[in-house]
Peer 1: 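Dumping the structure here so I can ask a few things about it.
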Amino acid sequence: MKRRENMLRLKRFRADEFKRRSATLEAMSLEVERKLTDLEEAVAREKQRANESDIGRLAFPSFLRAMDARRDNLKATLKDIGRERAQADLELGKAVEELKALELAAEQEMRRAAETQLRRNGLRLDELALSRQLRKQALRQI
């Protein structure tokens, strides 16, 4: 019984750990998406500023190349996070399945133990009833 409780605790911990990891990856993904949005807004602002001066028009292409490189890096990071999150979700699914199977087995074991106890109690009551009946018969014969 102690071993099963330890296994249940371990499986719950594993499932919780994968849930936390998945939530962390989701937060990271949202953060990278926010950075991409901010980058797009910065490019739009700089494009508008570049049109206002000659120096801005000359500097804008190099700024745009740097922002394109940064955008590509952010998109690659987003893809990596997506792959890692898919893996974490898959592992979470497996961990939850294992936990449910172990919980079901523990529940069945507890049900069997309760049924066994009920049968034992029933047998004791049957024995008491039988001995009482035998005493009554013995008293009638005297």
Side-chain angles (χ1 to χ4, degrees), residues 1-140:
M1 192 64 148
K2 187 77 167 171
R3 182 172 184 247
R4 186 173 305 257
E5 290 172 7
N6 287 338
M7 286 295 292
L8 272 170
R9 208 172 316 128
L10 177 66
K11 296 294 181 182
R12 281 189 192 110
F13 177 78
R14 259 186 95 210
D16 289 344
E17 189 65 30
F18 285 125
K19 285 177 189 175
R20 281 189 292 275
R21 179 180 166 135
S22 184
T24 301
L25 290 171
E26 173 69 17
M28 289 172 62
S29 178
L30 291 173
E31 179 66 21
V32 170
E33 287 174 1
R34 185 189 60 78
K35 285 181 180 181
L36 275 170
T37 304
D38 290 348
L39 181 74
E40 295 299 328
E41 291 171 0
V43 167
R45 280 192 310 269
E46 289 300 319
K47 185 175 185 179
Q48 187 177 12
R49 284 184 193 164
N51 289 332
E52 294 172 358
S53 70
D54 291 335
I55 295 175
R57 279 188 220 115
L58 292 174
F60 185 71
S62 62
F63 171 78
L64 193 57
R65 278 192 299 275
M67 291 300 110
D68 285 342
R70 185 162 183 225
R71 182 184 305 116
D72 291 343
N73 287 340
L74 287 172
K75 286 182 179 181
T77 301
L78 197 58
K79 273 186 181 180
D80 291 342
I81 291 171
R83 273 186 253 128
E84 198 172 332
R85 185 163 177 235
Q87 182 65 32
D89 288 343
L90 185 66
E91 290 172 351
L92 173 61
K94 288 178 184 178
V96 168
E97 283 180 24
E98 291 173 2
L99 176 61
K100 292 294 179 191
L102 199 56
E103 285 176 340
L104 182 63
E107 184 180 310
Q108 288 174 348
E109 184 178 319
M110 287 173 38
R111 194 175 320 134
R112 274 190 236 116
E115 288 172 359
T116 302
Q117 187 64 34
L118 284 174
R119 272 190 245 120
R120 285 181 185 154
N121 290 342
L123 288 174
R124 286 184 188 135
L125 289 175
D126 289 346
E127 287 175 7
L128 287 173
L130 182 61
S131 65
R132 186 173 184 210
Q133 186 65 30
L134 288 174
R135 271 192 234 132
K136 279 185 181 179
Q137 285 180 356
L139 287 174
R140 285 185 200 153

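In what follows, residues are counted from 1 in the order of the sequence shown.
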Peer 1: Give a yes or no on whether Gln48 atom CD has more than 12 heavy-atom contacts from other residues, nucleotides or ligands under 6.0 Å away.
Peer 2: no

Peer 1: From Arg45 CZ over to Asp38 CG, what is the distance, rounded to the nearest 0.5 angstrom?
Peer 2: 8.0 Å

Peer 1: Hey, are Arg21 and Glu91 close enough for a salt bridge, meaning a charged N less than 4.0 Å from a carboxylate O?
Peer 2: no

Peer 1: Let me confirm one number: the CG-CZ distance from Leu90 to Phe18, rounded to the nearest 0.5 Å.
Peer 2: 9.5 Å

Peer 1: Working note: Asp68 + Arg65, criterion salt bridge (charged side-chain N to carboxylate O under 4.0 Å, His left out); need CA distance, chi angles, decisive distance, verdict.
Peer 2: CA-CA 5 Å; Asp68 285 342; Arg65 278 192 299 275; over 6 Å; no

Peer 1: One thing to verify: whether Asp72 and Lys75 come together as a salt bridge, which I'm taking to mean a side-chain N less than 4.0 angstrom from a carboxylate O.
Peer 2: no

Peer 1: Would the distance check show the side chain of Ser131 and the main-chain N or O of Glu127 forming a donor-acceptor pair, the cut-off being under 3.5 Å?
Peer 2: yes

Peer 1: Take a 6.0 Å sphere around CZ of Arg34 and say whether it holds more than 12 heavy atoms from other residues, nucleotides or ligands.
Peer 2: yes

Peer 1: Would a 4.5 Å heavy-atom cut-off, applied to side chains only, mark Glu84 and Ile81 as touching?
Peer 2: no

Peer 1: Quick one: are Leu10 and Asn6 in side-chain contact, heavy atoms under 4.5 Å?
Peer 2: no

Peer 1: Regarding Glu40 and Arg71, does a basic nitrogen lie under 4.0 Å from an acidic carboxylate oxygen?
Peer 2: yes

Peer 1: Provide the closest heavy-atom pair for Val43 versus Phe63 in the form atom of the first, atom of the second, distance.
Peer 2: CA-CE2, 4.2 Å

Peer 1: What closest approach, in Å, do Leu99 and Ala15 show between heavy atoms, and which atom pair accounts for it?
Peer 2: CD2-CB, 4.4 Å

Peer 1: Are any of the side-chain nitrogens in Arg49 or Glu46 under 4.0 Å away from the carboxylate oxygens of its partner?
Peer 2: yes

Peer 1: For the residue pair Phe13 and Arg20, what are the closest heavy atoms and their distance?
Peer 2: CE1-NH2, 4.0 Å

Peer 1: Using a strict threshold of under 4.0 Å (side-chain N to carboxylate O), is an ion pair present between Lys94 and Glu98?
Peer 2: no

Peer 1: Could you give the distance from CG (Asp89) to CD (Glu26), rounded to the nearest 0.5 Å?
Peer 2: 9.0 Å

Peer 1: Given the rule in the salt bridge (charged side-chain N to carboxylate O under 4.0 Å, His left out) test, do Glu103 and Lys11 qualify, once you have shown the distances and angles that lead to the verdict?
Peer 2: CA-CA 10 Å; Glu103 285 176 340; Lys11 296 294 181 182; over 6 Å; no

Peer 1: Calculate, to the nearest 0.5 Å, the distance between atoms CG and CG belonging to Asn121 and Asp126 respectively.
Peer 2: 11.0 Å

Peer 1: Let me confirm one number: the OG-CD distance from Ser22 to Gln87, rounded to the nearest 0.5 Å.
Peer 2: 11.5 Å

Peer 1: With rounding to the nearest 0.5 Å, note down the distance linking CG in Leu8 to CG in Leu102.
Peer 2: 4.0 Å

Peer 1: Would the distance check show the side chain of Thr116 and the main-chain N or O of Arg112 forming a donor-acceptor pair, the cut-off being under 3.5 Å?
Peer 2: yes

